[in-house]
Each structure stands twice: as C-alpha cells, then as structure tokens.
Amino acid sequence: MTPALATGCALAGGLLVTRVFCWLSRLMGAGLIGAAIFLWAAPAHADQTVVAADSAQVDCQASAKDLTRISLVEDGFASVSKITTGSPQEDFSVVNEPVRGDIYLSVPEGFRKTALSFFATSKRGYVYKFVCRIAGEQAVQVFVSNPTIAKEKSAPASTAAAAPVGPQEAAVGLVQAMYANSVADGYEMRQRSLRPVFVGKLKVQMIAEYRGRDLTGRVLRIENTGDGPVELTEQTVAPASALAVTIAEPKLAPGKVTTAYLVSQNAR
C-alpha cells in the first residue's frame, strides 16, 4: 500500500508543479512530491497484529526468503494441519516451537504458490484458518489476538491483598509467566525479534521482552548451527547479574532450537 501511495503522490505532484502560471498548483505539487519522498523513505514494518475469534480466517503476509513466526497472544499452537503434495516447489515447512507454542513457516526456493493456507488448533482449543500471502525477503512476525481470551484476562481480579515478595521470588514468577506465554501483572510484554547474533556456533535472538518497574524478562531463541551437540549453561546465555535463568532444553543437538528465559533487575 505505501509504495503505491508514494507513486501516486509523486505522479500527481509532478503534474501540478509543471503549471508554471499557477503558484497554488505548484505549491501543492511540491507538497505531494515531499509526501512521496517521505512515504518511500518510511521503514517497512514486518510485524503484523491480527484480531481473530474462534474458527475465523487469519489473513497475513509470509516471507518469501526468510522465516515467518506466528504467535498466539496468551495462547499457543497445539497442532497444524496442511496438505502435503510431495512436490518441493509446492510444499512449505512448519516448525512448532513446543515451549512457547509459536510456529515458524518457511518456503523453499522456487515455491510456486502465491499464498500459504493451513488450519491450526491452539492449546486453549480454538481453531484458526490461516491464509498468508507470500512477499518480501525479510523475516516476518504475526501476532494473533483472540478477543475472548482478552476478555477473560480483563475480568475483575480478586480483591485479596497479595503478600509482598522479594526480588528472587518475583523473578521466578516472571519466568513462569514467560514460560506460559502470558503477561504477568505489572509487566508490559513486547513481542519483537531483534537481529540474531552468533555466540560461537549458537544463533541467539531475542523474541520477547517483559518490562516491569523492578525487573525485566527476556525470551531468547537459541539455535545450534554447528555440527556437534552443545550443552547450554546459565553462563552461556546470561550475564552474571541475572536473577533467574531457565533453559528449556540445555542439551542442544545440531540444527535444533530451544528457548531460554532470563530475568534481571532494572538499574536505578
């Protein structure tokens, strides 16, 4: 949409600035050309947020060259159903990350179809039909929010006063919330993927951040790109100042992916 709008602004602006005897037209034309430049220069955002109820169709965009991550807010994928044709140019792959319940889509080189379609069942029992158009070379993220879950989350909480907890207990509670892919009270969750970094043969990428007044939690996706197995430790994935560290699968075979959860105290 943005490139088309930018092109339209540029064409209209070019026609108006040629009216040398009308200063108002020339002024409007210059403004349209400036708008076109701004639109062309605006960064493309690969994150998509879709609101979908049970049995609804989820329309999204998938990457043609990189991974597409689909995450269910306050939920996770239990299973995915798709047709397998047996032809490499017509089949796409789906990898289910079991801890958080996200799925990662990828298409092979020379993929013939213009869209991916499949059905998915969530851990809460909701069913979605996904139709994802294929475009772009960058990695893509899609976040699906179900209004029924959001309504349950916003229900009035118990009025009983909670007993105060120390930093270590709070860190453990935050790790449990991150593991369950839920939002802990008093924290803001931002699901985003930063550019991955390599630590030896390990490909490490932050995929979510939970920020509160005192603590910050981070969810890391770790992939073993080497030829041999790697045993992950707290020292491998977290700084010494971390209050809590949990690694879903410490023994990581070649080509396998795991998730790590880190909690640290905010600087004051």
Side-chain angles (χ1 to χ4, degrees), residues 1-3 39-52 58-77 80 82 88-118 120 122 128-145 178 181 189-211 217-226 230 232 237 248-249 252 254-262:
M1 173 90 51
T2 297
L39 289 170
W40 273 320
H45 295 281
D47 290 0
Q48 306 160 51
T49 301
V50 182
V51 178
V58 178
D59 295 309
C60 59
Q61 180 175 311
S63 175
K65 299 291 184 181
D66 210 327
L67 288 177
T68 299
R69 173 193 175 211
I70 302 181
S71 179
L72 302 178
V73 179
E74 302 287 348
D75 201 351
F77 287 95
V80 173
K82 72 182 188 72
Q89 283 72 39
E90 295 182 357
D91 285 339
F92 61 95
S93 68
V94 180
V95 176
N96 191 347
E97 197 283 302
V99 176
R100 288 182 58 83
D102 298 342
I103 59 173
Y104 292 84
L105 311 177
S106 62
V107 298
E109 188 72 27
F111 191 72
R112 297 172 181 170
K113 297 182 179 180
T114 59
L116 311 177
S117 62
F118 58 93
S122 80
Y128 306 98
K129 175 186 176 182
F130 285 86
V131 178
C132 302
R133 302 180 309 278
I134 301 172
E137 298 184 356
Q138 301 298 318
V140 172
Q141 292 192 114
V142 181
F143 303 111
V144 181
S145 177
M178 293 191 294
N181 197 22
M189 180 180 66
R190 292 180 289 181
Q191 298 200 20
R192 56 177 184 171
S193 286
L194 298 183
R195 186 178 299 276
V197 297
F198 281 87
V199 181
K201 295 296 184 180
L202 296 176
K203 183 180 179 182
V204 183
Q205 184 177 26
M206 190 180 83
I207 58 177
E209 182 179 65
Y210 292 68
R211 183 167 291 275
R218 294 179 176 86
V219 183
L220 305 181
R221 181 180 186 270
I222 304 175
E223 179 181 357
N224 182 6
T225 63
V230 175
L232 302 177
V237 301
E249 184 54 60
L252 199 58
K256 295 300 183 179
V257 176
T258 189
T259 307
Y261 307 90
L262 319 179

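Every value quoted in this text rests on a predicted model; they were computed, and no experiment measured them.
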Engineer: With side chain to side chain contact (heavy atoms under 4.5 Å, CB included) as the test, would you mind laying out the steps for V204 and V237 before giving the verdict?
Structural biologist: CA-CA 9 Å; V204 183; V237 301; over 6 Å; no
Engineer: For I70 and F77, what are the C-alpha separation, side-chain angles and deciding distance, and is it a side chain to side chain contact (heavy atoms under 4.5 Å, CB included)?
Structural biologist: CA-CA 9 Å; I70 302 181; F77 287 95; 3.6 Å; yes
Engineer: With the side chain counted from C-beta on, respond yes when R218 and R211 share a heavy-atom pair under 4.5 Å apart, and no when they do not.
Structural biologist: yes
Engineer: Would you compute the distance between atom CG of L220 and atom CD of E209 and round it to the nearest 0.5 angstrom?
Structural biologist: 10.5 Å
Engineer: I would like to know whether D59 and V50 meet side chain to side chain contact (heavy atoms under 4.5 Å, CB included); could you show each step before the answer?
Structural biologist: CA-CA 8 Å; D59 295 309; V50 182; over 6 Å; no
Engineer: Hey, what do you get for CG (L116) to CZ (R133), rounding to the nearest 0.5 Å?
Structural biologist: 11.0 Å
Engineer: Any chance you could measure E223, atom CD, to F198, atom CZ, to the nearest 0.5 Å?
Structural biologist: 7.5 Å
Engineer: Could you pull out the closest heavy-atom pair between T225 and K201, with the gap in Å?
Structural biologist: OG1-O, 2.6 Å
Engineer: Determine the minimum heavy-atom distance between V107 and A64, stating which atoms define it.
Structural biologist: CG2-O, 3.4 Å
Engineer: Restricting to non-hydrogen atoms, name the atom on S122 and the atom on Y128 that form the minimum distance, rounded to 0.1 Å.
Structural biologist: CB-CE1, 4.4 Å
Engineer: How many angstroms lie between atom CZ of F111 and atom CD of E90, to the nearest 0.5 angstrom?
Structural biologist: 8.0 Å
Engineer: Do V230 and I222 touch side chain to side chain, with heavy atoms closer than 4.5 Å?
Structural biologist: no
Engineer: Are N96 and I103 packed together at the side-chain level, in the sense that at least one heavy-atom pair is separated by less than 4.5 angstrom?
Structural biologist: yes
Engineer: Under a 3.5 Å distance rule, please check whether S117 uses its side chain to pair with a backbone N or O of V131 as donor and acceptor.
Structural biologist: no
Engineer: Taking the side chain from N224 and the backbone from L252, do they hold a donor-acceptor pair closer than 3.5 Å?
Structural biologist: yes
Engineer: Locate the shortest heavy-atom distance separating D47 from Q141; write the atom from each residue and the value.
Structural biologist: OD1-NE2, 3.0 Å
Engineer: Please find the pair of heavy atoms, one from V99 and one from A248, that lie closest to each other, and give the distance.
Structural biologist: CG2-CB, 3.3 Å
Engineer: Among all residues two or more places apart in sequence or in another chain, which pass the salt bridge (Lys or Arg N to Asp or Glu O under 4.0 Å) test with K82?
Structural biologist: none
Engineer: Quick check: do D66 and Q138 have side-chain heavy atoms less than 4.5 Å from each other?
Structural biologist: no
Engineer: Taking atom types as modelled and ignoring hydrogens, do the side chains of T68 and S63 form a donor-acceptor contact shorter than 3.5 angstrom?
Structural biologist: no
Engineer: So do V257 and Y104 actually touch side chain to side chain, heavy atoms under 4.5 Å?
Structural biologist: no
Engineer: How are the rings of F130 and F118 set to each other: parallel, tilted or perpendicular (split at 30° and 60°)?
Structural biologist: parallel
Engineer: Identify the two heavy atoms, one from L67 and one from S106, that lie closest to each other, and give their separation to 0.1 Å.
Structural biologist: CD2-CB, 4.0 Å
Engineer: Just how far is it from atom CD of Q61 to atom CD of Q48, taken to the nearest 0.5 Å?
Structural biologist: 5.5 Å
Engineer: Quick check: does any side chain N or O of R69 sit under 3.5 Å from a backbone N or O of I207, one acting as donor and the other as acceptor?
Structural biologist: yes
Engineer: Working to the nearest 0.5 angstrom, can you tell me the gap between T259 OG1 and R221 CZ?
Structural biologist: 8.0 Å
